[in-house]
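Below you'll find the structure, written out as structure tokens, and then a few comments.
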Amino acid sequence: GLRLVAHPVIRNRGTTVGSLAHADPSGEMTAVLALLGGSVDLARKGSTRTVAAEDFFVGPLEACIETGELAVSAYFPRPAGRTATEFTESARRHGDYAICGVAAAVTVDEDLRIVSARAAYLSISPVPLVLDLTDALIGQTAETAVWRDAAALATGRIEPEPDIHASAEYRAQIAGVLTARALRTATERAALIDPDTATGTTGSTGATSTTGTNERSAR
Ligand SMILES: Cc1cc2nc3c(=O)[nH]c(=O)nc-3n(C[C@H](O)[C@H](O)[C@H](O)COP(=O)(O)OP(=O)(O)OC[C@H]3O[C@@H](n4cnc5c(N)ncnc54)[C@H](O)[C@@H]3O)c2cc1C
């Protein structure tokens with residue numbers, strides 16, 4: 001998702017934690033944090049608290065940061081086992097805020113059958129929306145899954161708002177298409193994971209890390 005945040009100039013100046021604190025419903029990293037079940041550390045003089053992603057975003061452009069608090073780090077848990085992810089979005093131009101974006105995580109078992117499928121949405125709801133779409137795909141493989149079933153399950157659960165960029169109907173249609181694509185790619189990736197080398201370690205970024213720096217160091 002990071003490579004889809006605006007352009008390099010913006011990524012080199014903005015910070016990942018600043019992006020989370022900004023709590024833009026169209027922000028990529030907010031959806032990634034929500035999908036992975038991450039958290040943000042908030043510090044004030046003499047105390048620190050850790051807030052789970054589901055509690056951190058309270059409204060459009062509103063995080064639960066109180067007066068006197070500073071977000072000092074964010075944790076993005078790396079999924080363990082045969083779990084893979086994919087991030088995709090649709091924007092009028094590369095680097096624009098997305099009309100809709102989907103971050104997906106799929107877990108498969110030793111027979112490469114889907115046991116969990118989740119997706120987080122941006123530009124769809126006031127705060128990042130995470131949907132469990134397992135019911136539409138459970139027991140299927142990358143070859144047998146009917147991706148449009150998962151797309152239909154997702155579009156039935158979202159209520160996108162219209163704005164100057166897209167109607168609600170168009171946004172819902174894009175959400176369905178992107179859901180199917182993201183889940184398929186994540187499932188195909190999950191099937192390639194060697195569980196002996198997959199580890200569930202935790203990635204973190206401090207408030208002073210720029211998104212540009214993170215991107216470079218990830219290469
Ligand atoms: C032209 C342009 C295009 C962009 N496109 C995208 C895009 O496609 N996708 C996307 O996700 N974002 C996009 N952004 C937003 C950008 O990526 C940054 O997320 C955003 O500008 C915040 O940057 P910042 O870290 O400098 O935070 P600031 O702008 O400094 O702060 C943003 C808000 O968060 C608060 N804040 C910042 N850091 C902290 C902290 N540590 N603790 C507590 N509160 C804090 C500030 O008080 C402020 O209210 C775009 C920005 C621009 C200017």
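- Cluster partners of Leu35: none. The rule joins Ile, Leu, Val, Met, Phe, Trp and Tyr whenever side-chain heavy atoms lie under 4.5 Å apart, and it links nothing here.
- Thr179 and Tyr121 are linked by a side-chain donor-acceptor pair at a separation below 3.5 angstrom, with hydrogens and angles left out of the test.
- No more than 12 heavy atoms of other residues, nucleotides or ligands shown are found within 6.0 angstrom of CZ on Arg148.
- Here the CG atom belonging to Asp111 is positioned 8.5 Å from the CZ atom belonging to Arg82, to the nearest 0.5 angstrom.
- No continuous path of ILVMFWY side-chain contacts below 4.5 Å connects Leu137 to Val177, so the two sit in separate hydrophobic clusters.
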Inset, instruction - Verify side chain to side chain contact (heavy atoms under 4.5 Å, CB included) between Thr144 and Thr141, making sure each step is shown before the conclusion. - result: CA-CA 5 Å; Thr144 63; Thr141 67; 3.3 Å; yes

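- By the side-chain hydrogen bond (donor to acceptor under 3.5 Å, both in side chains) test, Glu110 is found to be paired with no residue, residues two or more places apart in sequence or in another chain being considered.
- Considering all non-hydrogen atoms of both residues, Pro79 and Thr85 come closest at CG-CG2, 4.3 Å.
- Under the 4.5 Å side-chain heavy-atom criterion for ILVMFWY residues, no single connected hydrophobic cluster contains both Val40 and Val130.
- Ionic pairing of Asp163 and Arg171 is present here: one or more N-O contacts between side-chain nitrogen and carboxylate oxygen are shorter than 4.0 angstrom.
- In this structure, the side chains of Cys100 and Leu178 come closer than 4.5 Å at one or more pairs of heavy atoms.
- Between Val108 and Ala191 the shortest heavy-atom distance is CG2-N, 4.3 Å.
- Ion pairing of Glu86 with Arg181 is absent here, as no side-chain N (NZ or NE/NH1/NH2) approaches a carboxylate O to less than 4.0 Å.
- The distance from the CD atom of Gln140 to the OG1 atom of Thr187 is 10.5 Å, given to the nearest 0.5 Å.
- Across every non-hydrogen atom of Leu129 and Ile124, the tightest pair is CD2-CG2, 4.4 Å.
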Inset, instruction - Could you walk me through whether Val127 and Val58 pass the side chain to side chain contact (heavy atoms under 4.5 Å, CB included) test, one step at a time? - result: CA-CA 7 Å; Val127 296; Val58 295; 5.8 Å; no

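- Residues Phe56 and Leu122 are members of one and the same hydrophobic cluster, defined by side-chain heavy-atom contacts under 4.5 angstrom among Ile, Leu, Val, Met, Phe, Trp and Tyr.
- The environment of CZ in Arg44 is crowded: more than 12 heavy-atom neighbours from other residues, nucleotides or ligands sit within 6.0 Å.
- For the pair Leu42/Leu70, no side-chain contact is recorded, criterion being any heavy-atom separation below 4.5 Å from C-beta on.
- Residues Phe87 and Phe57 share a single hydrophobic cluster, defined by chaining ILVMFWY side chains whose heavy atoms lie under 4.5 Å apart.
- The side-chain heavy atoms of Pro126 and Pro25, taken from C-beta on, include no pair separated by under 4.5 Å.
- Expressed to the nearest 0.5 Å, how far CD of Glu169 lies from CD1 of Ile174 amounts to 12.5 Å.
- A donor atom on one side chain and an acceptor atom on the other are found under 3.5 Å apart for Thr50 and Asp41.
- Clustering ILVMFWY residues whenever any of their side-chain heavy atoms sit less than 4.5 angstrom apart, transitively, puts Ile99 in a cluster other than the one holding Leu4.
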